[in-house]
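A short worksheet on the structure shown next.
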Amino acid sequence: MAVAAENQSQPPQNDLPYVLILTPPAAFSIFGDHFFHSPKFQFLKAFESPLPLSQFLLTHAQSVQAILTSASGSVTADTIRLLPHLGLVVTTSQGINHIDLSECRRRGIAVAGAGTIFSTDCADSAVGLLLDVLRKVSAANRYVKQGLWSSQGNYPLGNKLGDKQVGIVGLGSIGTEVAKRLEAFRCSISYNSRSKKPSVPYTFYPNVVELAVNCDALIICCALTNETHHLIGKEVLSALGKDGVIINIARGPVIDEKELVQCLIKREIRGAGLDVFEHEPDVPVELLALDNVVMSPHNAVCTTESLEELRKTVVGNFEAFFSNEPLLTPVPLDDLPHLSG
């Protein structure tokens, strides 16, 4: 048993540089662990080793030059400090709140993300969720499938999206794509961001509460940072009002989930479209019975096409790093904290 454990902790025996994987990216479960294969580097899979992570890292500390991570795998300062030759962290996600960027900056470690690969897919999902909540598509679908149309008559009417006032929290690459799509519905668009963007025609509100007061729907597109944690709480939800709809395709903890659940149960807002949750994969059980809530399992970013683009980007970043060439999608570390917009 001890020999087997020792053998499983050993890296492959060749001269290719090592990329550490702490937890398997979601793409592995879909396409297999060969998905990010390259002839220019090899993976060291901590999650396959029987060794405790700290022991595994100490065993291979001198070998690891780069890390591949995802939104579910934290790269902490403690991990980074155990790897003296670490030069690059690549994440498969657009969000980067799971990486200790301050420690990377202090150590001079480069970081690369997914760039804008997921922006269009996220924007499509955001608008889809908004349409679903307003027009009650999923709820009406259940009504028909349960045979209630013939026994109970027509389903209650929904509300149109056209001409609605929509507020976007975080007008970065995703928020901008959402706004473009909503223009086709003749929506009046406003936004909240770190600063006003002179190049866009939308109304800017420096305060999220003020934005919510002036909107029929609020779409959350910002990154998760210390500043945006529970940015959307009771005050914002109350400002949105009983006819308001909230959509979240960003990160779950941007919304105070307990407050949101209570507002939905009490019908203090009209409804919600949620792709992300505060304690994934656990979803508040109260939401499961609500017809004014539409949910998806944190897959707004995922399509076959976007994951193929992600594969090329991840492999390209590692190959560029090991060839001493510029990264494809570098994350600037001189302007922390990061916020989408």
Side-chain angles (χ1 to χ4, degrees), residues 122-123 125-140 155-171 174-175 178-179 181-193 202-222 228-278 283-284 286-296 300 340-341:
C122 270
S125 291
V127 176
L129 287 169
L130 181 57
L131 273 167
D132 197 328
V133 174
L134 288 172
R135 295 301 306 271
K136 305 181 180 180
V137 178
S138 293
Y155 192 74
L157 296 178
N159 300 91
K160 66 186 292 184
L161 172 57
D163 301 315
K164 286 286 188 292
Q165 297 185 59
V166 181
I168 299 173
V169 180
L171 198 68
I174 296 174
V178 170
R181 285 152 178 73
L182 292 175
E183 286 180 352
F185 291 89
R186 303 182 310 279
C187 291
S188 175
I189 300 164
S190 53
Y191 70 101
N192 167 265
S193 196
Y202 316 128
T203 302
F204 172 69
Y205 290 98
N207 183 281
V208 180
V209 175
E210 188 179 357
L211 176 68
V213 167
N214 290 280
C215 289
D216 301 305
L218 207 56
I219 301 180
I220 313 304
C221 301
C222 64
T228 63
H229 183 268
H230 284 188
L231 176 67
I232 310 301
K234 177 65 174 178
E235 186 179 11
V236 175
L237 294 170
S238 296
L240 188 58
K242 62 182 181 63
D243 292 325
V245 171
I246 191 161
I247 306 296
N248 191 5
I249 46 85
R251 285 288 186 269
V254 174
I255 297 179
D256 185 333
E257 195 165 78
K258 289 183 179 179
E259 292 290 352
L260 175 62
V261 168
Q262 290 305 307
C263 285
L264 288 165
I265 291 174
K266 297 175 182 177
R267 303 284 171 164
E268 293 175 355
I269 62 173
R270 183 187 298 277
L274 307 171
D275 180 64
V276 290
F277 304 87
E278 193 158 1
V283 174
E286 299 93 332
L287 298 181
L288 303 182
L290 298 179
D291 274 345
N292 60 337
V293 179
V294 178
M295 297 178 285
S296 53
S340 293

Out of curiosity, I220 CD1 to T228 OG1, how far, rounded to the nearest 0.5 Å? 10.0 Å
Looking only at heavy atoms, the pair that brings L264 and V293 closest together is CD1-CG2, 3.7 Å
Looking only at heavy atoms, what is the nearest atom pair of V254 and C222, with distance? CG1-SG, 3.8 Å
Paired with V245, the side-chain contact (heavy atoms from CB on, under 4.5 Å) test is passed by just one of L218, L161, L130, D216, namely L130
Can you tell me if L288 has over 12 outside heavy atoms packed within less than 6.0 Å of its CG? yes
Are any non-hydrogen side-chain atoms of N248 and L129 less than 4.5 angstrom apart? no
Can you tell me how far the NZ atom of K160 sits from the SG atom of C187, to the nearest 0.5 Å? 9.5 Å
Could you check whether F204 and Y191 have their ring centres less than 6.0 Å apart? yes
Taking atom CD of E235 as the centre, does the number of heavy atoms from other residues, nucleotides or ligands within less than 6.0 Å exceed 12? no
Note: F277 and P284 closest approach over all heavy atoms is CD2-CD, 4.5 Å
Could you tell me the separation between the SG atom of C215 and the CD atom of E210, rounded to the nearest 0.5 Å? 10.5 Å
Step-by-step side chain to side chain contact (heavy atoms under 4.5 Å, CB included) determination, S190 to N214: CA-CA 9 Å; S190 53; N214 290 280; 5.6 Å; no
Would F185 and K164 count as a side chain to side chain contact (heavy atoms under 4.5 Å, CB included) if you check the C-alpha gap in whole Å, the side-chain angles of each, and the deciding distance to 0.1 Å? CA-CA 8 Å; F185 291 89; K164 286 286 188 292; over 6 Å; no
Do the non-hydrogen side-chain atoms of Y205 and V213 ever get within less than 4.5 Å of each other? no
Between atom CD1 of I249 and atom OG of S125, what is the distance when rounded to the nearest 0.5 Å? 8.0 Å
Working to the nearest 0.5 angstrom, can you tell me the gap between Q262 CD and E268 CD? 8.5 Å
Closest contact, heavy atoms only, S138 versus V294: OG-CG1, 4.1 Å
Return yes when atom CZ of R135 has more than 12 non-hydrogen atoms of other residues, nucleotides or ligands closer than 6.0 Å, and no otherwise. no
Side chain to side chain contact (heavy atoms under 4.5 Å, CB included) for N159 and R270? Distances and angles first, verdict last. CA-CA 10 Å; N159 300 91; R270 183 187 298 277; 3.0 Å; yes
How far does CD1 of I255 sit from CG of L231, to the nearest 0.5 angstrom? 9.5 Å
Indicate yes or no: at least one non-hydrogen side-chain atom of H230 is less than 4.5 angstrom from one of E278. yes
What closest approach, in Å, do C122 and I174 show between heavy atoms, and which atom pair accounts for it? CB-CG2, 3.8 Å
Testing V178, L182, I219, T203 one by one against I189 for a side-chain contact (heavy atoms from CB on, under 4.5 Å), which residue passes? L182
When every non-hydrogen atom of G162 is compared with those of R186, the smallest separation belongs to CA-NH2, 4.4 Å
Do V169 and L211 have side chains that approach each other closer than 4.5 Å (heavy atoms only, starting at C-beta)? yes
Run the side chain to side chain contact (heavy atoms under 4.5 Å, CB included) check on N292 and V133 step by step: do they pass? CA-CA 6 Å; N292 60 337; V133 174; 5.8 Å; no
Can you tell if the side chain of L237 reaches within under 4.5 Å of the side chain of I232, non-hydrogen atoms only? yes
